[in-house]
Amino acid sequence: MYDQRRVEELLARWENDPHNAEMRKVRNEVFDVLTLRTIYKLIESGVFSRLLRVISTGKEANVFLANDVAGNPLAVKIYRVDTSEFRRILPYIDGDPRFGRIPRDRRRLVHLWTKKEFKNLDAAFRAGAPVPYPVAVRNNVLVMEFIGDDEGPAPRLRDTFPEDEGRFVDALLDGLAKFYFGAGLVHADLSEYNILVRDSLPVIIDLGQSVPWDHPNAPFFFQRDMRQLSKILAEFDKDFAPDELYRMLKERSGDGRKR
Ligand SMILES: Nc1ncnc2c1ncn2[C@@H]1O[C@H](COP(=O)(O)OP(=O)(O)OP(=O)(O)O)[C@@H](O)[C@H]1O
Ligand SMILES: [Mg+2]
């Protein structure tokens with residue numbers, strides 16, 4: 001049973017933690033009562049034991065570092081229900097054959113969106129693409145593998161340059177081949193902001209907007225992604241026109257050779 005007092009107790013514990021000055025700041029804006037209830041349910045069912053600190057605060061979601069019951073790190077992405085990004089996310093979910101009618105209620109739509117990111121992570125992970133392992137989803141809260149180490153979260157490709165360039169680019173292309181042609185997903189927001197670099201290898205994140213190939217906007221999103229990929233590769237002195245990338249990724253996925 002949901003118990004407001006226990007939730008308040010838990011929050012008090014987090015807030016008294018010296019690390020959690022930031023937590024206080026975001027608490028009121030991100031933790032509405034229903035989100036608190038969801039966090040509580042996840043704690044109660046043993047998915048994680050506590051939220052430790054803020055990794056990232058954004059317009060649509062906040063990402064936290066958490067601990068599982070054994071003390072291992074996890075990342076918890078909590079979508080905000082109050083933002084007015086409703087119209088922005090519709091083109092990425094309306095028409096997705098995996099989901100039925102689009103809820104009119106904002107909260108429900110955000111819950112569906114969160115579930116969509118979970119499903120995308122699951123499909124990508126199963127296909128062997130380098131994405132965070134998805135642990136659990138409930139309402140607007142997504143729990144996944146923490147990409148980083150004791151020092152903190154892995155940097156974004158935007159903010160770092162991998163040591164072994166050749167190895168990185170190769171892993172990126174292989175990973176994307178598995179993503180687009182193994183899992184059959186189009187990322188739809190591919191950029192140097194949504195690729196983390198861990199041990200000089202890429203990890204693709206932020207899969208909320210990703211769609212399967214049979215989504216009506218998939219070809220458009222794919223072309224946009226390939227323009228971004230082409231820019232990323234140019235940073236590594238690799239010149240590929242966006243149009244060539246389709247064939248290259250397909251070949252890498254093993255599909256191309258069958259022809
Ligand atoms: N699994 C993870 N492990 C470590 N850090 C993560 C993980 N997922 C996300 N992050 C960090 O949180 C940031 C935001 O995550 P993400 O890109 O998924 O959210 P977003 O939808 O872009 O949110 P925003 O509303 O901020 O744009 C990332 O840039 C990354 O630094
Ligand atoms: Mg992002």
Side-chain angles (χ1 to χ4, degrees), residues 19 22-23 25-26 29-31 35 42 47-48 51-68 72-93 106 109-125 129-137 139-162 175-176 179 185-211 221 224-225 228-229 231-232:
H19 287 122
E22 266 185 288
M23 193 69 94
K25 256 194 335 211
V26 291
E29 42 172 317
V30 286
F31 293 168
T35 301
L42 284 163
V47 174
F48 60 86
L51 295 180
L52 293 174
R53 69 194 63 167
V54 180
I55 298 177
S56 154
T57 52
K59 278 200 302 287
E60 281 144 54
N62 295 279
V63 180
F64 299 87
L65 172 68
N67 267 168
D68 71 9
N72 300 309
L74 287 170
V76 178
K77 183 169 181 178
I78 305 184
Y79 277 99
R80 302 168 56 138
V81 222
D82 60 342
T83 39
S84 50
E85 299 294 318
F86 215 67
R87 241 177 262 136
R88 197 193 71 77
I89 72 177
L90 269 180
Y92 297 88
I93 193 158
R106 181 194 302 276
L109 180 65
V110 173
H111 291 181
L112 189 61
W113 185 258
T114 315
K115 198 194 268 174
K116 180 164 175 274
E117 177 155 21
F118 182 88
K119 274 187 188 260
N120 288 338
L121 283 170
D122 187 54
F125 190 85
V131 298
Y133 172 74
V135 174
V137 64
N139 298 336
N140 57 327
V141 180
L142 167 66
V143 185
M144 62 186 142
E145 178 189 357
F146 171 71
I147 306 299
D149 56 24
D150 294 347
E151 312 260 290
R156 303 175 304 180
L157 181 57
R158 174 86 185 95
D159 305 319
T160 188
F161 203 78
L176 291 173
F179 193 97
L185 290 173
V186 175
H187 186 285
D189 192 19
L190 188 68
S191 79
E192 53 189 1
Y193 292 93
N194 286 331
I195 299 172
L196 302 183
V197 182
R198 178 178 59 181
D199 300 331
S200 259
L201 290 173
V203 179
I204 303 156
I205 61 161
D206 206 0
L207 273 57
Q209 70 294 318
S210 305
V211 296
F221 296 149
R224 200 174 57 191
D225 281 358
Q228 289 297 322
L229 179 57
K231 279 192 211 157
I232 291 171

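In listed order, ligands and their atoms are each counted from 1.
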Quick check: does S191 put an N/O/S atom under 2.8 Å from the Mg ion (ligand 2)?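 For S191, the answer is no, given that no N, O or S atom comes within less than 2.8 Å of the Mg ion (ligand 2).
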Can you tell me if an N/O/S atom from D189 lies under 2.8 Å from the Mg ion (ligand 2)?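 Short answer: no, not a single N, O or S atom is under the cut-off.
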Side chain, backbone, both or neither: which applies to [X] and ligand 1 if a contact is any heavy-atom pair less than 4.0 Å apart?
X: M144; answer: side chain
X: V63; answer: side chain
X: E145; answer: backbone

Would you mind listing which atoms of ligand 1 come within a distance below 4.0 Å of any non-hydrogen atom of A75?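 Close to A75: 1 (N), 2 (C), 3 (N).
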Subset of ligand 1 atoms that lie under 4.0 Å from at least one heavy atom of N194: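 In order of numbering, the contacting atoms are 17 (O).
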At what distance is the nearest protein heavy atom to [atom], and which residue and atom is it?
atom: atom 30 (C) of ligand 1; value: I205 CD1, 3.9 Å
atom: atom 25 (O) of ligand 1; value: E60 N, 3.0 Å
atom: atom 29 (O) of ligand 1; value: R156 CD, 3.5 Å

Quick one: sort the H187 and F179 rings into parallel, tilted or perpendicular, breaks at 30° and 60°.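 H187 and F179: tilted rings.
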With carbon and hydrogen excluded and only N/O/S kept, which atom of D206 is nearest the Mg ion (ligand 2)?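 It is OD2, the N, O or S atom of D206 closest to the Mg ion (ligand 2).
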Contact check, A61 vs ligand 1, heavy-atom distance below 4.0 Å: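 A heavy atom of A61 does come that close to ligand 1.
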Atom 19 (O) of ligand 1: protein heavy atom closer than 4.0 Å?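 Yes, there is one.
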Between the candidates G208, G152, P132, S56, which shows the shortest non-hydrogen contact distance to atom 12 (O) of ligand 1?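 Nearest option to atom 12 (O) of ligand 1, by heavy atoms: S56.
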